[in-house]
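Okay, so here's the structure we're looking at.
Numbering of residues begins at 1 and proceeds along the displayed sequence.
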Amino acid sequence: MGNAPSQHSDHTWHGLTAQQALDAQHSSASGLSQDEAELRLQRHGANRLPPPQRRGPLLRLLYQFHNVLLYMMLVAALTTALLGHWVDTSVILAAVLINVIIGFIQEGKAENALDAIRSMLSPHAMVLRGGERHEIDAERLVPGDIVLLVSGDKVPADLRLISVKNLLVEEAALTGESVPVEKSVAHCNADAALGDRRCMAYSGTLVSSGQASGVVVASGADTELGRIGAMLQQVQALSTPLLRQIEQFSRWLAVIILILALATFILGILWHSQNPGEMFMMVVALTASAIPEGLPAIMTVILALGVQRMAGHNAIVRSLPAVETLGSVTVICSDKTGTLTRNEMTVQRVVSASRILDISGVGYAPEGAFHQDGKLLEPDTELLEIARAAQLCNDARLQQDAAGHWQLHGDPTEGALLTLALKSGLDIQSLHTQLPRSDAIPFESEHRFMATLHHDHAGHGLVYLKGAPERVLEMCASQRSADGANTALDADYWRRQATDLAARGLRLLALASKTAPTEQRNLSFDDVEDGLTLLALVGIIDPPREEAIAAVAECQRAGIRVKMITGDHAETARAIGAQLGIGVGLPAMTGAELELLDDRRLREVLPGVEVFARASPEHKLRLVQAMQDSGEVVAMTGDGVNDAPALKRADVGVAMGNKGTEAAKEAAEVVLADDNFATIAGAVREGRAIYDNLKKFILFSLPTNGGQSLIVIFAILFQVVLPLTPAQVLWINMVTSSTLGLALAFEPSERGLMQRAPRAPNEPLLSGFFVWRVVMVSLLIAGAGIGLFLWELKLGNSLESARTIAVNAIVMCEIFYLFNSRSIFGSVLNRDALLGNRAVLVTIAICLVLQLLFTYAPPLQGVFGSVGLSPEEWLRVLLAGLALFAVAELEKWVVRRFGLHAQAT
């Protein structure tokens with residue numbers, strides 16, 4: 001055994017026989033010697049995943065400042081510091097620090113995800129070394145070791161199984177398979193998908209029943225789990241659409257402000273021969289008026305409120321920008337099991353020799369009925385006999401908890417059979433009393449059936465059996481007819497029905513029975529090898545959630561395509577997809593078919609495929625990347641470690657909170673507390689409302705800044721004394737604008753929100769039409785401020801009085817424009833629009849109080865140079881606000897009247 005064993009990086013161990021795998025590892029069924037194991041440990045290293053490379057905390061913190069918006073805020077802080085307004089400087093710097101801290105906390109999700117994957121490794125392993133059993137630390141496992149597995153064990157490394165007894169392994173975390181997988185020692189095709197490699201047991205999966213032994217063929221980073229960890233480390237998380245828009249918007253705004261300030265400074269000196277020192281302070285005032293200092297803080301507040309609302313609907317958001325990203329998705333890629341489906345197996349069809357029955361109701365709750373050709377059918381003798389077989393040949397238990405929910409203890413398929421029996425009206429306790437079990441043959445993979453022996457109190461014996469249809473057919477000589485008599489078996493009929501049920505994506509079981517002698521108390525294989533009577537075929541499926549069907553339809557109406565990506569079989573995936581309205585009339589694609597396509601061809605065929613089956617972690621990641629390369633904004637849902645790379649790569653990853661692995665939760669931005677696809681649809685609606693509110697805030701705040709900037713430019717160009725001092729500009733920006741704008745964060749979603757098509761991923765934050773809206777309102781605000789300022793001076797009033805009325809005119813225009821801003825295109829001339837958002841009324845009241853203090857409170861008069869106003873002056877201020885409100889509503893009417901809003905969005 002001195003030669004180095006291969007770790008087979010091409011993952012083809014499943015294509016070798018058990019003996020070939022042992023030979024390739026230079027091992028034997030009795031295991032390695034202790035000395036050889038130590039040598040291999042030095043050669044291959046410990047059986048653990050390597051820790052990721054991490055940036056130090058200081059570097060991570062400094063990196064958070066690398067943001068255009070924060071650069072602008074720091075410029076604003078510097079500006080206010082130059083003016084000596086230290087309170088304003090402190091407020092702006094506090095907003096910067098809040099943004100930095102949030103980013104610092106959110107970074108490192110990938111590191112946490114890798115930690116979560118490492119925690120899936122088993123801490124201990126039972127091995128054979130030199131023919132003797134040893135329990136060792138799993139980190140000391142090496143390729144070639146023989147590992148012994150029993151029920152409840154976590155598989156400690158990738159194993160090629162060499163002996164198996166009734167082994168079922170829960171592989172959902174790796175493959176997405178909804179039920180435990182039956183294992184065998186027979187080798188598979190070399191190109192078999194991960195979920196079809198029945199002779200392999202993979203690190204991190206769980207043995208649900210049975211026992212086995214296997215040779216370690218991959219350890220540490222070479223395991224499937226390690227490969228996924230390496231993929232996760234290499235995946236680059238993308239910036240969200242909102243952050244990309246804000247960054248682009250901020251960059252343009254910064255350039256415009258700098259050009260405007262420089263041009264004004266040069267014109268003032270060269271054209272008007274102004275003093276450079278005075279001109280610099282005027283340009284500082286211009287810059288202060290133009291920068292929307294409150295934007296980052298308000299954006300954070302809007303997103304945080306969205307997080308709070310989503311939490312109330314079972315969606316826990318781990319990253320603030322993800323709140324809005326959900327609202328911009330164009331494609332949702334969803335896992336099947338537990339997200340679109342209930343993760344509760346249900347019998348949907350029963351086929352007997354005389355009829356085909358459909359069974360309503362889903363899940364383990366015994367609520368539903370039997371239908372034949374659409375007509376309600378009361379349980380009769382034939383149906384009750386089928387139900388008895390389903391109930392008695394069964395080891396599972398169903399219990400109702402205090403809340404009324406039915407909980408399964410046992411195998412999901414057996415749970416579906418119990419529910420079928422309960423729906424027929426059988427009294428389970430009474431049945432077990434009448435026909436107690438005398439003996440049983442447990443399910444074994446090599447026999448593919450389970451049988452039980454029962455005796456009534458008169459001594460009559462009865463055998464019930466369930467198993468794979470093709471195996472049970474071999475054991476049956478007759479079939480039960482509608483009148484209860486046994487007739488000759490029509491094997492062709494049963495094969496046709498089995499093919500039909502399988503084509504519907506149903507998992508199949510056959511139920512059969514046989515009388516037994518009175519004296520028989522033990523059951524052997526010879527007793528059931530022949531002479532059985534076939535009772536029925538049952539078709540079982542994990543049905544879609546009813547609310548998921550409605551949610552998929554809602555997303556499709558909203559222009560969002562829903563694609564199902566699952567590790568399950570293609571027939572099952574296609575059947576569930578059809579019930580959900582996904583992939584109807586379209587072909588399904590398997591992972592093997594996907595591998596045959598290059599990236600260009602994959603992008604071409606993606607629009608015509610909505611169901612992907614037998615998908616591996618690489619397939620899921622590649623699909624997400626291909627959609628993003630085609631310009632889509634992708635949301636990805638998942639629950640297993642196999643989903644983690646795709647969750648991280650997606651524009652927004654959505655993990656399941658109940659049955660999701662920690663690796664999936666750490667890689668995702670959103671966690672669903674109820675594992676329900678309908679929650680995603682609600683989160684999309686919330687995300688769209690958040691984007692609407694953010695756009696409303698920007699459309700509200702920019703004209704305020706624009707109006708003030710125009711006032712300053714007017715004063716410089718026309719050599720008029722500044723109508724606003726730099727301190728008054730900051731008062732308007734930081735106190736009134738931010739206070740009023742905050743109310744828009746509480747706006748409810750508008751009607752028809754989910755009837756809109758998703759916005760284009762490359763859409764700018766402000767379209768050409770919205771630029772026009774900003775310019776128009778900026779001119780109105782500037783006109784009101786300048787007009788009343790000059791009017792006051794013409795009346796012979798003081799400069800302080802003229803500036804006070806200019807500030808109040810601007811604020812009054814903002815107050816009225818806040819009502820206009822509640823709807824971008826809709827009229828607000830109705831009771832709901834004027835009074836429907838209590839936050840608007842509260843913030844207006846606060847703003848009015850602040851303006852009264854600004855105007856009349858002596859301390860603030862001393863700071864800002866304001867003076868009291870007369871009733872006539874207040875009337876002029878009020879009329880200025882009403883005029884702006886009327887013009888803004890008239891513009892919206894024109895837009896609606898001529899259908900311009902369709903081109904404007």
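Side-chain contact between L509 and L417 is present, with at least one heavy-atom pair separated by less than 4.5 Å. In this structure the side chain of R614 reaches within 4.5 angstrom of the side chain of H569, judged on heavy atoms. Within the 4.5 Å cutoff, no side-chain heavy atoms of V217 are placed close to those of D222. Looking only at side-chain heavy atoms (C-beta outward), D439 and R521 stay at 4.5 Å or farther from each other.
Side-chain atoms of K183 come within 3.5 Å of backbone atoms of R197 as a donor-acceptor pair (strictly under, hydrogens ignored). Counting only distance, with no hydrogens or angles, the side chain of D643 and the backbone of D639 share a donor-acceptor pair below 3.5 Å. When atom types are taken as modelled, the side chain of K336 and the backbone of D568 share no donor-acceptor pair closer than 3.5 angstrom.
When all heavy atoms of A353 and R480 are compared, the closest pair comes out as CB-O, 3.3 Å. When all heavy atoms of E171 and Y202 are compared, the closest pair comes out as OE2-CD1, 4.1 Å.
No hydrogens or angles considered: a donor-acceptor pair under 3.5 Å links the side chains of D542 and T341. For the residue pair T433 and Q429, no side-chain donor N or O sits within less than 3.5 Å of a side-chain acceptor on the partner.
Between H447 and F525, a ring centre-to-centre spacing shorter than 6.0 Å is recorded.
Shown here are the side chain to side chain donor-acceptor pair (under 3.5 Å) partners of S30, two or more places apart in sequence or in another chain: S28.
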